[in-house]
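Report on one structure; see the data block that follows.
Each chain gets a letter, A, B and so on, in the order its sequence line appears, and its residues count up from 1.
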2 protein chains.
Amino acid sequence: MAKKTKTEIDGSTEERIKEAARIVFTQKGYAATRTRDIAEKAGINLALLNYYFRSKEKLFNQVMLEKIQQLFGMLLPVLSDETTKLEKKIEMVVANYIDMLLANPDLPLFVLSELRGQKEELQKVLPIEKIIQNISFIKQLQEKRPDIQPIHFLMNILGMTVFPFIAMPAFDAVGIIKKNDFEKLIQERKALIPIWVKAMIKAK
Amino acid sequence: MAKKTKTEIDGSTEERIKEAARIVFTQKGYAATRTRDIAEKAGINLALLNYYFRSKEKLFNQVMLEKIQQLFGMLLPVLSDETTKLEKKIEMVVANYIDMLLANPDLPLFVLSELRGQKEELQKVLPIEKIIQNISFIKQLQEKRPDIQPIHFLMNILGMTVFPFIAMPAFDAVGIIKKNDFEKLIQERKALIPIWVKAMIKAK
DNA sequence: GTCTATAACCTGATAGAC
DNA sequence: GTCTATCAGGTTATAGAC
């Protein structure tokens, strides 16, 4: 049996570079990332990175579009399902989101910070008008609480779910949460947030 | 009357540089900021920046320490006051925080993203042990809900309050919120969040 | 496709005149 | 204190050999 090449083990060179780019970009951000770091992590030479992706910026844009979809793309299918009732939707969104974030803890901070000043990017990826209206989630909220803009509840759900991941580096640095306890805390929140949100919706 | 110099109008040169640094660093982050941009914004020469602050990093650290205190420093006095009862504390924290954030909308995203991987910084500034225990806010929460870790409620308050500011660039880019409507929305939340939090604390 | 060597550029920092 | 000019180092991107 012939000895396997790196490519056979880890996938195509192009994909290896992209995977390295995902890791380095999300950890350090665009400006602080050096293409040399990506090349080294991918186990290839710097010239090869440019051979495949032409430039740092083009490589970044590919990664960024993926990450944006990863962060926002999951919301729509759940929120717009007509057959699921409001309470169930809240549970599903929170549970799905938390699972995804536990697998990608630095995703939100990366996307949201790299998004400052780059307005064009998002609008290409997401069908905006459809999100705001026609999402049954919004209608369901309006039926229950016509006196409060549905966007408030969406922000509350996202805030309570996503914020711990954004603040984790700070909370960890300050010693409020040891990194080991974090996942336990987040798992507790998976059950608690839906309870809280339902109470919020009823609150007068 | 003699013509006024720039310094007389805008404050000392050192302070003008620092103010320019605050703006540029918070908008673009450390890595993406060029000292030339700061110098230009301050209306001085690049050499002068180094004359006053020795290096980009030293200037950044000064700004960063300020911003950390601005973001976290306000919490303790309110949360640890023994004479204020829980409900009132919640109202005060939310109202004070929102006012501060409206005046510094990109503060949270800046601090939280620059904090990745820099653990030392925070611990110097904040007396951590005192925060976690001995804060009457924590005790008050434990009395009402001994079955839930107080940190959950702290995260909920901060999440609901801070998250809109972190996500605003994204929400704006995607067209969910026009920038003009943002402040109105935030002002609504100033009254709503305390109501929601109180409902959350009662929820079973 | 992959490498080495290098070009072209940019950025932080300093030297030295005023 | 403030400026101009420049250095030293690092970074992206490409040329050219294999």
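- Taking atom CG of B:N45 as the reference point, atom P of D:dT6 lies 14 Å away to the nearest angstrom.
- Following rounding to the nearest Å, B:R36 (CZ) and D:dC3 (C1') show an atom-to-atom distance of 14 Å.
- Although no hydrogens or angles enter the test, the distance criterion places a donor-acceptor pair under 3.5 Å between the side chain of B:S136 and the main chain of B:L79.
- Atom-to-atom, CD of B:E57 to P of C:dT11 comes out at 18 Å; the value is rounded to the nearest Å.
- Using a 4.0 Å heavy-atom cutoff across all strands shown, A:R54 reaches sugar-phosphate atoms only and no base atom.
- For the pair B:K179 and B:F171, the cation does not sit on the ring face, since its NZ or CZ is not both under 6.0 Å from the ring centre and inside 45° of the axis.
- Cation-pi geometry between B:K67 and B:F72 is not met at under 6.0 angstrom from the ring centre and within 45 degrees of the axis.
- For A:A47, taking side-chain heavy atoms from C-beta onward, the closest of the listed nucleotides D:dT2, D:dA13, C:dT4 is C:dT4.
- As a whole-Å value, the separation of A:D37 CG from D:dT11 P is 8 Å.
- Between B:F163 and A:F163, a ring centre-to-centre spacing not shorter than 6.0 Å is recorded.
- For C:dT11, one of the phosphate oxygens OP1 or OP2 lies less than 4.0 angstrom from a side-chain nitrogen or oxygen of B:R34.
- Under 4.0 angstrom from either OP1 or OP2 of D:dT11 there lies no side-chain N or O belonging to A:T35.
- The side chain of B:Y52 lies closest to D:dT2 when the candidates are D:dT2, C:dC3, D:dT4.
- Between the CZ atom of B:F60 and the C1' atom of C:dT11 there is a distance of 17 Å, rounded to whole Å.
- Within the 4.0 Å cut-off from OP1 or OP2 of D:dA13, at least one side-chain nitrogen or oxygen of A:N50 is found.
- Computed from coordinates, the B:L59 CG to C:dT11 P distance equals 17 Å when rounded to whole Å.
- Within the 4.0 angstrom heavy-atom criterion, base atoms lie near B:L46.
- An OP1 or OP2 oxygen of C:dA13 is reached within less than 4.0 angstrom by no side-chain nitrogen or oxygen of B:Y51.
- Side chains of A:Q187 and A:K190: a donor-acceptor N/O pair is present below 3.5 angstrom, by distance only.
- Rounded to an integer number of Å, the gap from A:L49 CG to C:dT4 P is 15 Å.
- Rounded to a whole Å, the CG atom of B:L48 is 14 Å from the P atom of C:dA13.
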